[in-house]
Amino acid sequence: MVAVHDDSIPENKGNNAVIERTNRHVLEGIRTLLNQAGLPIMYWPFAARYVCLACDTTAKHGHTPAWRKRSGEEFTGVMCPFGCLVSYIP
């Protein structure tokens with residue numbers, strides 16, 4: 001998923017279709033994560049951040065969007081499944 005930063009032109013079906021499809025993709029991802037993790041709706045903001053991060057670190061056409069944003073630096077973090085139990089030791 002690439003973040004669309006262009007302004008939507010009213011009545012331009014081609015432009016609006018891209019934006020609407022991106023929104024639909026994010027909403028479907030959030031609903032799927034919450035359903036699969038068995039979490040209530042109050043975790044919606046966390047699921048939204050996870051969907052956007054997962055889409056940003058998925059390679060398309062050779063490189064990830066994160067790579068393009070960071071001038072050639074790949075995402076090196078650990079992608080834990082959404083809703084998994086994590087033990088944090090500071």
Side-chain angles (χ1 to χ4, degrees):
M1 174 180 79
V2 176
V4 180
H5 296 287
D6 296 332
D7 293 330
S8 176
I9 301 169
E11 306 301 325
N12 184 342
K13 293 181 181 181
N15 189 358
N16 290 336
V18 172
I19 294 169
E20 290 297 325
R21 181 62 192 128
T22 302
N23 290 342
R24 182 177 168 194
H25 176 74
V26 171
L27 291 173
E28 288 173 350
I30 293 168
R31 290 184 190 118
T32 301
L33 285 176
L34 291 174
N35 187 28
Q36 290 293 321
L39 294 172
I41 200 80
M42 63 185 276
Y43 289 97
W44 182 277
F46 301 106
R49 291 187 71 189
Y50 187 87
V51 167
C52 293
L53 175 65
C55 292
D56 196 38
T57 56
T58 303
K60 293 179 184 174
H61 309 296
H63 296 293
T64 65
W67 182 84
R68 287 191 220 83
K69 289 178 193 173
R70 294 179 183 94
S71 302
E73 189 177 323
E74 287 290 343
F75 176 77
T76 57
V78 177
M79 289 293 293
C80 299
F82 181 76
C84 71
L85 180 63
V86 176
S87 297
Y88 177 72
I89 302 172

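These values consider heavy atoms only, across backbone and side chains, with no hydrogens, waters or symmetry-generated copies. Here, residue 1 is the first one in the sequence, and each next residue gets the next number.
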Between L33 and Y43, is a side chain to side chain contact (heavy atoms under 4.5 Å, CB included) present by the stated rule, with each step listed? CA-CA 10 Å; L33 285 176; Y43 289 97; over 6 Å; no
Could you walk me through whether R24 and E28 pass the salt bridge (charged side-chain N to carboxylate O under 4.0 Å, His left out) test, one step at a time? CA-CA 6 Å; R24 182 177 168 194; E28 288 173 350; 2.9 Å; yes
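The OH atom of Y50 lies 12.5 Å from the SG atom of C52; values are rounded to the nearest 0.5 Å.
Between G83 and A37 the shortest heavy-atom distance is CA-CB, 4.2 Å. Among all heavy-atom pairs drawn from G29 and V51, the shortest one is C-CG2, 3.6 Å.
Remark: of the listed residues N35, L27, L34, L27 is the sole one forming a side chain to side chain contact (heavy atoms under 4.5 Å, CB included) with R31.
Counting heavy-atom neighbours within 6.0 Å of R21 CZ, excluding the residue itself, gives a total above 12.
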